[in-house]
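See below for the structure under consideration.
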2 protein chains.
Amino acid sequence: MARSLRKPTARPNALVVAHDSTERARDKREQIMQGALRTFLSNGYSASMDAIAAEAGVAKQTLYSYFNNKEDLFAALMDRLLEHFVDAGMTPELRTLPTQAFLRKLAQITLSQMDDWEYVSMLRLVIGESARFPQLSEVYLTRLVSPGIAKLTHYIKMNEDLAFGDPEAVARIMHGSLINFIIAQEVLGGKHTMPISRERIINSLIDIVLFAAQQSAQSR
Amino acid sequence: MARSLRKPTARPNALVVAHDSTERARDKREQIMQGALRTFLSNGYSASMDAIAAEAGVAKQTLYSYFNNKEDLFAALMDRLLEHFVDAGMTPELRTLPTQAFLRKLAQITLSQMDDWEYVSMLRLVIGESARFPQLSEVYLTRLVSPGIAKLTHYIKMNEDLAFGDPEAVARIMHGSLINFIIAQEVLGGKHTMPISRERIINSLIDIVLFAAQQSAQSR
DNA sequence: AGCTAATCATACTAATCAGTCTAACAGATG
DNA sequence: CATCTGTTAGACTGATTAGTATGATTAGCT
């Protein structure tokens, strides 16, 4: 990733098509954010502004013409990144599935994020920087976690197959066990140290929940 | 926490009782590790050696007479810290309890670590530095997580009240939902953003597992 | 063609940090 | 009392970093 272009009059910018100034600014901003994203996700907040500029293929000065300082860049970046993950999860057409198929699909979608390097790195970054940037954790919780749990809670409440006494607690347990699986397997490298297939987790989780729901309904 | 002692001939060392050289060295080492522990857990690996020396009440040179460099100090420290948490969990007398009481007690013990600032900070540190120090994650997984899950798996297997098809997966789900609860509530500050009592989680988790176990046994 | 604004490479400042060096000093031992 | 070892405070080095400054170059606009 070393950049050693030495020609002083080079424009390393690829993709130069017709651009008026406003959309060029938008592209530059985008270019910076892409580079900063990769660099922050790889190196954490301690990534240097020089490294970010190099990765983005942009002069350092340009960084500072789009963002006041490192912290602002980081905040804007994480904001956008979290926004990008908001939509993963319960889509309307999923709700038409029978209960078991719905739960399986939901779990599969949640765990499919394991394969997304950006998601895994984001998790590590949010948790790792939660002392220095509590606001970042808060955005993560309120934008990603809380809505996901709320939707699952609502689904449990509305579904007569899932008559639990405390739907929110059940939703948190289900969601938490999956997120922790991602943390253990991907963030911490447990897939090498203590591997287990995601199917086994999904199957057991669904078994437990559905069996418990039956028993719970029966004992009323 | 500012240190501004200016007297050049001061020994700020409290607790000076009869000491031969070997035990004085042990005490110094201990003093350093205590200070380093607090500083690393508060500030992450980016804590400065000057700050550690100050927090330990020791000259920076003394750090380097006990440890070769920052990384060695960090590694020795985390090794000892993780060792310290190994014993939390299943004690022999717990096993004599009836199933439900056992599970409740186990969950309570696990979640009681939420109140331990060192444990919570350790979690954040292990996860946050898992890219830079994969070995640290590995020690965490193999010394803390894996044995805990193995013991719970074994308990499930041996307990006829808990006839699950995949005991290990069930153990991972139970353990994971509790660890994730700690991460969400304490590490990420969810106790302010999306609070819920630990009793609700424990109750629902036990309900689900026991109900599912009954149903599972019934359907065999 | 000529002007303007954005971007470039590069160098700089001031601060911080890991690690080393020095010289002084305290406490135990002989 | 003399010596030796461990510790101290503080200065220092070399590297890195956030952020700024500069002066050249380029692209878009009229």
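Small disclaimer: the values here were computed from a predicted structure and weren't measured. In the text below, chain A, chain B and the rest are named by the order of the sequence lines, each starting its count at 1. Scope of the values below: all heavy atoms of this structure, side chains included, with no hydrogens, waters or symmetry mates.
Residue A:A51 is classed as having no contact, given no heavy-atom separation below 4.0 Å to the nucleic acid.
With rounding to whole Å, A:Y64 atom OH is found 6 Å from D:dA18 atom P. Note: NZ (A:K60) to C1' (C:dT7) measures 16 Å, nearest angstrom. Rounded to a whole Å, the CE atom of B:M49 is 20 Å from the P atom of D:dG14. Atom CG in B:D27 sits roughly 10 Å away from atom P in D:dT7 (whole-Å rounding). The separation between A:Q31 atom CD and C:dA6 atom C1' is 13 Å, rounded to whole Å. Atom P of nucleotide C:dT10 and atom CG of A:D50 are separated by 12 Å, given to the nearest angstrom. Protein atom CG of A:L63 is 9 Å distant from nucleotide atom P of C:dC8, rounded to whole Å. Across the protein-nucleic acid pair, A:L73 atom CG and D:dT17 atom P stand 16 Å apart, rounded to whole Å.
Donor-acceptor pairing under 3.5 Å, judged by distance alone, is present between the side chain of A:Q61 and the base of D:dA21.
In this structure, B:S48 does not reach the C:dT16 phosphate: none of its side-chain N or O atoms is under 4.0 Å from OP1 or OP2. For A:T62 and C:dA6, the shortest distance from a side-chain N or O to OP1 or OP2 is not below 4.0 Å. In this model, the phosphate group of D:dG6 is not approached by any side-chain N or O of B:Y66 to a distance below 4.0 Å at OP1 or OP2.
Taking only side-chain atoms of A:K28, from C-beta outward, the nucleotide of C:dC8, D:dT7, C:dA6 with the closest atom is C:dC8.
Ion pairing between A:R124 and A:E186 fails under the 4.0 Å rule for side-chain N and carboxylate O. The pair B:R200-A:E168 meets the salt-bridge criterion, since a charged nitrogen lies less than 4.0 angstrom from a carboxylate oxygen.
The ring-ring contact (aromatic ring centres under 6.0 Å, His included) analysis of residues 137-156 of chain B, with sequence neighbours excluded, yields the pairs B:F102-B:Y155.
Atom CZ of A:R143 sits about 12.0 Å away from atom CD of A:E138, to the nearest 0.5 Å.
The local environment of CZ in B:R198 is crowded, with over 12 non-hydrogen atoms from other residues, nucleotides or ligands closer than 6.0 Å.
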